[in-house]
2 protein chains.
Amino acid sequence: MGGELQLGLTVVIVAVAAGVPRVVEVRSGFEVPEALRGRDLPPPHRDALPGATFEPGRFRTLQEGVRAVAEGLTGVGLRYVEQLYTFGDRFRDPHELFGGPRALSVGYLALVRDEPIGGSGGAAWRDLYDHFPWEDWREERPALIDSVIVPALERWSAAAEDPGTRARRTERAQLAFALDGAPWDGERVLQRYELLYEAGLVVESHRDRRLEALAGVAGASAPRDMPRALGRPMARDGRRILATALERLRGKLKYRPIVFELLPPAFTLHRLQQVVEALSGTRLHKQNFRRLMISGGFVEPTGAFENQTGGRPAELYRFRRQAVHERTSTRAIPDAEA
Amino acid sequence: MGGELQLGLTVVIVAVAAGVPRVVEVRSGFEVPEALRGRDLPPPHRDALPGATFEPGRFRTLQEGVRAVAEGLTGVGLRYVEQLYTFGDRFRDPHELFGGPRALSVGYLALVRDEPIGGSGGAAWRDLYDHFPWEDWREERPALIDSVIVPALERWSAAAEDPGTRARRTERAQLAFALDGAPWDGERVLQRYELLYEAGLVVESHRDRRLEALAGVAGASAPRDMPRALGRPMARDGRRILATALERLRGKLKYRPIVFELLPPAFTLHRLQQVVEALSGTRLHKQNFRRLMISGGFVEPTGAFENQTGGRPAELYRFRRQAVHERTSTRAIPDAEA
DNA sequence: CCCATTTATGCTCTTATTGAGCAATAACGC
DNA sequence: GCGTTATTGCTCAATAAGAGCATAAATGGG
């Protein structure tokens, strides 16, 4: 009852450039299996997260493997690395459908400073919110929530035969997208992605169902309707891993001073706030943000000033590493504005 | 450069019985390798966490595998399952030292109600704090911290030749055990265990170094001194996984209503508080705890009463599942008493 | 039956945190 | 000089949270 097993490492490498949260991506190496050439295959998605098969003999720890993969690919030094989750659902890699080994992957989150990618592997930065347009609330409530998501989720709920299922779907939709008047919870990134996946609102869901049908998985049938697909898709379960990373990042931001790993040694408080906002996807109250950073002991002034601000020059601050210890209050960033 | 790879699942199954937090353990199946019979091997530790090799063909998800392992072994239904971490450090399984495959394991946390174990696999409950006596602050600051840990950590710091290392060790010790007057942080369970491991205060650290020396790992030498060992050891990296589980559990307790998975459908507020205290390892202010539970909407009265309390009868409450949604305030339990 | 004991429950008081906004400061370009 | 832009300082109110006092409702011993 064994079957083959393959363990991969996948890294979500995040930086923030001028208010844009970005992720390192590579071209997907997916190849259409021999037996299916010419058939009605879904087009392979080209964006993929960088990763590699874990070589047991080569690294003492998984994290060493991650660093080697990521730094080799991008030439950028990882300033923070954290294990996210191990993704092991069957068929997460389409090759499994055609006799390939069961492919598990350990996902990692890595933070880097905003630097150009030096590697030669065809890696490039991309705006994180290209994949999750509904997650960026900095300007305003994203329009596609009301114009596309809500109606589609309502149709999806209504489509369930069983009233119990119907109620559960409605409730999940309300919870994930704060439709019941509750405030938006920026952290539920994965919950939202999975809901959209199940409701058939992201292309991957159709791709996977079609592949399963082609591979002859019991009970699988190619979906007929193809509603408007949301966000830029990724190969395999890349977007699920990315959603996990964003969720973790948003959560951690709140009580651990990890933003600073994304910034140069000296920065203005405005720049710092911009980075936080880019990742949390919300706007913050400027004065309160400053108060928390300073009185919380996270930063200290350098004495130097930045005068390209367009207004009054802003003082440059540096991160106080000791702040990690003092930890008087737990919070590391304030709540979003109402 | 491949080498073999083996993926295991390991489960930390937690319940609370009458104020005692307990974990399911099995007898370790470690066997002394042929080549080393009769040599000066460290005695194998008998307590082990339940687990099994993951069979790729058999389960659709890792979590299904975990449920099968855990419920098959104990006969107890898992009420909550969460992936913890994937442990992949080289030599976490001693067999690797003697030519065995690289053994990774995906660790899971599972919560169950306090029930007798029905399985036939030799599984049994054990007090969690047998393994971490320094983590239980319910009665008072554990005496062994001042009598054993602090002096030993001071010796360990002083033993470093390099002044930088010395300073770093001192700082880590202060941070982990709150020696600088900072309040005890119950969540740093893993940090503390790893510190004690590095400082040679838990037997596993000596065991591992002896094994590595026997297996001829470069740079490894059997330790000479054997200071007082703290807490009950476990096979392999069981205690590291257990520490990870306790840390996660303590953290999650604070902002997610998962305590209720450990309780019967109806319970007194006192019982609820006991369970939280057992896991957090601290005492809570009774009135404030009640206030938070009730005003936070986590519980509602059933109307029935419990009169075996020894004093005034206590009302029985039940968990309000909807509380998960309302989530007005984030907190799910108050801070510890000062 | 009264009373000490025990545990549950209700309520107040004080302080710290935090959301929100007003106002002043210090640069720039015309 | 003056409008513009952005930084910085400060106040105020609402809320959450820590701590303790007081009362209620059971038990058991004299």
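Just so it is clear: chains get the letters A, B, ... in the order the sequence lines come, proteins before strands, and each one is counted from 1.
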Can you sort out the partners of A:E82 under salt bridge (charged side-chain N to carboxylate O under 4.0 Å, His left out), two or more places apart, ordered by chain and number? A:R248, A:K252
A:H285 NE2 to C:dC22 P, straight-line distance once rounded to whole Å: 10 Å
Given the ring of B:W184, does B:R283 sit roughly above its face, with NZ or CZ under 6.0 Å from the centre of the six-membered ring and within 45° of the axis? no
Regarding B:E261 and B:R321, does a basic nitrogen lie under 4.0 Å from an acidic carboxylate oxygen? yes
Take A:R320 and A:E300 through the test salt bridge (charged side-chain N to carboxylate O under 4.0 Å, His left out) and record every step on the way to the result. CA-CA 6 Å; A:R320 285 185 66 240; A:E300 64 192 0; 3.7 Å; yes
Value in whole Å for how far the P atom of D:dA6 lies from CZ of A:R290: 14 Å
Applying side chain to side chain contact (heavy atoms under 4.5 Å, CB included), can you list everything that pairs with B:D127, at least two apart in sequence or on another chain? B:V20, B:P21, B:Y129, B:D130
If I take atom CG in residue B:L284 and atom C1' in nucleotide D:dA19, what distance separates them, rounded to the nearest angstrom? 14 Å
Could you tell me the separation between the CG atom of B:L272 and the C1' atom of C:dA8, rounded to a whole number of Å? 14 Å
Length of the line joining B:M293:CE and C:dG10:C1', which is rounded to integer Å: 18 Å
Heavy atoms from C-beta onward define the side chain here; which of C:dA8, C:dA20, D:dT8 lies closest to that of B:A314? C:dA8
Would you sort out whether B:E247 and B:R188 count as a salt bridge (charged side-chain N to carboxylate O under 4.0 Å, His left out), showing the intermediate values? CA-CA 6 Å; B:E247 172 155 333; B:R188 302 193 170 149; over 6 Å; no
Side-chain N or O of A:K286 less than 4.0 angstrom from OP1 or OP2 on D:dA6? no
Any carboxylate oxygen within less than 4.0 angstrom of a Lys/Arg side-chain nitrogen, looking at B:R250 and B:E135? yes
Report, as a single string ordered 5' to 3', how protein heavy atoms within less than 4.0 Å touch nucleotides 22-27 of chain D: B base, S sugar-phosphate only, - not at all. --BBS-
Can you work out whether B:R291 or B:H270 has the more 5'-proximal nearest nucleotide on DNA chain C? B:H270
Spacing of B:F289 atom CZ relative to C:dG10 atom P, expressed in whole Å: 15 Å
If you check every side-chain atom of B:N288, which of D:dA19, C:dT9, D:dG9 has the closest atom? D:dA19
Rounded distance (Å) that lies between atom P of C:dA8 and atom CD of B:E306: 10 Å
